[in-house]
Amino acid sequence: MSDPRELYQQVILEHNKKPRNFGKLEACTHHADGQNPLCGDEIELTLLVQAGLVQDLKFQGHGCAISQASSSLMTTAVKGKPVAEAELMIEQFREMIRGTLDPAKDANILGKLSLFRGVKDLPSRVKCAVLPWVTLHAALKGEETASTE
Ligand code: FES
């Protein structure tokens with residue numbers, strides 16, 4: 001498993017099949033619905049933010065394997081983190097997908113999320129990967145809706 005593309009494929013498939021933190025929080029402090037208008041796919045994100053920490057979060061909705069895996073990995077990466085760290089992760093993930101941050105060279109806190117770096121070369125999948133991240137950004141700002149456009 002030394003080929004990053006092979007690892008990427010495996011992680012995407014695995015998280016799509018068994019998404020982590022799937023569902024909806026009964027008691028949440030933040031909520032947003034995100035949509036990719038190009039395909040109509042949607043996710044709903046619920047968060048519990050207390051004492052400056054993202055204590056818990058869940059997502060649900062429908063979408064392609066990349067959007068589901070990106071949502072699943074995002075929730076595992078952000079859960080338990082300070083809000084400021086979550087915001088930094090959002091920024092760095094988007095920079096990586098735009099190609100302005102190279103996780104192999106530039107300092108970052110992306111960890112396993114850097115598996116998505118190859119998406120920058122797949123223009124048709126960029127919005128799939130960023131859908132949960134724009135939704136998280138909206139939710140943390142107190143906005144109820146988000147769009148990849
Ligand atoms: Fe709709 Fe990927 S095809 S989010």
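Not measured: the values here are computed from a predicted model. One-based numbering, in listed order, for ligands and for the atoms of each. Counting from 1, the numbers follow the sequence of the chain as shown.
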query: Going by chain and residue number, what protein N/O/S atoms come nearer than 2.8 Å to atom 1 (Fe) of ligand 1?
result: Cys39 SG, Asp41 OD2
query: Under 3.5 Å, is there a donor-acceptor pair linking the side chains of Thr145 and Asp33?
result: no
message: Between Gln92 and Ile109 (side chain of the first, backbone of the second, donor and acceptor by atom type, cut-off under 3.5 Å), is there such a pair?
response: yes
message: The criterion is side chain to side chain donor-acceptor pair (under 3.5 Å); which residues satisfy it with Asn16, sequence neighbours excluded?
response: none
- prompt: Would Lys127 and Glu149 pass as an ion pair if we require N to O under 4.0 Å?
  reply: yes
query: Is a salt bridge present between Arg20 and Glu14, judged by a nitrogen-to-oxygen distance below 4.0 Å?
result: yes
query: Under a 4.5 Å cut-off applied to non-hydrogen side-chain atoms, are Asp56 and Lys79 in contact?
result: yes
